Amino acid sequence: MISESQASALRRLPSVDTVLSDPAVRDVTIQLDRAIITQLVRESVDHVRSRILGDHLPEDPMTAVREHLQMLAERVVSPRLHEVINGTGVIVHTNLGRAPVSRSAAEAMSLAASRYTPLELQIDSGKRGGRMSEISEMLRLLTGADASLVVNNNAAAVMLALSELCAGKEVILSRSQAVEIGGGFRIPDVLAQSGATLIEVGTTNKTYVRDYEREISDATGALLTVHWSNFRIIGFTAQPDQSELAELADRHHIPLIEDLGSGSLLDTAPYGLPHEPTVTESIRDGVDVVCFSGDKLLGGPQAGIISGRKDLIERITAHPLARAMRADKTALAGIAETLRHYVKGEALEQVPVWQMMSASSAYLRLRCEDWIYQLSEPEGVSIVETSSTIGGGSLPDEVIPSWGLAIDTPHPDKLARALRTGTPSIMPHIDHDRLIIDARTVLPGQDSALVDGLTRAIAHAGN
Ligand SMILES: *Cc1c(COP(=O)(O)O)cnc(C)c1O
């Protein structure tokens, strides 16, 4: 039964037509298509009706409809993927879209999206050309790999390589590498999906070449190694070198496939980090097919790259799934432009991920001093030493010393929310009760927006 007050509220609930002819409503929906407005008005009226039926009585049903409609209208016209200033210190931040690309990569992507480009055309002959030729050539120069193929992401790269090379066969993998990476990418499941049978060898902590060798038979499709991107095993451990496994695979005429994960082209060691294996090392060690991400330490757009022996890459390219998983023209343009930075020897200056990783402590501190100087209400704001991380499931536990602004506040969650929901949106790092903006991951060109955003959020949160 509905109560008297519910019935009264329902009687005052406006009709869709009444809402549509309300001038205040016209103002908030001015940017929208007519049919969409009607739909949103209907949803708003329905929303308020069900609130009333649930005994949440609005003071004025018309106002409640108007407010809900305004919220819906704002939500559909404002892009969800707006700019965020990353103050977390996590360089490859999965929730913030991993690697931001360089300015010229972004321009190349925008051009490829908005104009015609010779994606599958050889300009000089006018004949059909391969969409991978430029990227393949640059990767050959950079890593020594004969050929390469770019697909949607590294998960697709691994799935595709295994589907072509190992379906119906056995794949030998160290027990320590039957791992889960990120949400839901589990090597045993990927192997099963590709139609291969997993043969686990060795133990969790120690695997030797002879463990692989013992399992090799006519049924073997490949040896597989998977990089421990997001965890470590320390202490009493053993794993053969890639070159030893490559030699073993070669002797038995089977390929060695590697899921390298972040796929760095440069050494991370000069930045106080442990050495992250590079694509070049894998190829040099004799890995036949190496799969890696385009948007982790490579610093490009989302992509998965398969590099290695020409005959194998050609086979993989011809697999029906290759067509389903191939990278689109904007990703290809972004990857090509990112690789060009490495070819030109300017990756440290131009690729944002490497710019951030290599930024000096002195420079980061100076930036913080500059921000403090510009803040109009610097009480409670101080410069602190902090630590950045690589993120994106690379180099777990490893930190790079950094500098940031700490904001003392009695309500860190409230201020963090004000920062996130402000314009620009600022994502801080919360360390106990302190909010920290790590200078390392604030991109060049975001400084004044950061200062403005901080000033507003501090005032708004009533610090
Ligand atoms: C990140 C990662 C993947 C998944 O790559 P995506 O590009 O996210 O699809 C697979 N394997 C390893 C070892 C990784 O580090």
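This one's a predicted model, so the numbers in the text were calculated from it and none came from an experiment. Basis for what follows: all heavy atoms, side chains included, without hydrogens, waters or symmetry-related copies. Order of appearance sets the numbers: ligands from 1, and atoms from 1 within every ligand.
The 4.0 Å heavy-atom shell around ligand 1 contains residues Arg98, Asn153, Asn154, Ala155, Ile181, Phe185, His227, Ser229, Asp259, Gly261, Ser293, Lys296, ordered by chain and number.
Screening residues 77-116 for ring pair (Phe, Tyr, Trp, His ring centres under 6.0 Å), with sequence neighbours left out, gives no hits.
Applying the side-chain contact (heavy atoms from CB on, under 4.5 Å) test to Arg214 and every residue at least two apart in sequence or in another chain returns Arg210, Asp211.
With values rounded to the nearest 0.5 angstrom, Thr386 atom OG1 is found 10.5 Å from Trp403 atom CH2.
Within the 4.5 Å cutoff, the side chain of Ser425 has no heavy atoms near those of the Thr423 side chain. Counting heavy atoms from C-beta on, the side chains of Thr389 and Glu398 never come closer than 4.5 Å.
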Under 3.5 Å, side-chain donor or acceptor atoms of residues 285-292 against the rest of the protein: list the pairs with distances, not counting sequence neighbours.
| unit_1 | atom_1 | unit_2 | atom_2 | d |
| --- | --- | --- | --- | --- |
| Asp288 | OD1 | Arg309 | NH1 | 3.2 |
| Asp288 | OD2 | Leu256 | N | 2.8 |

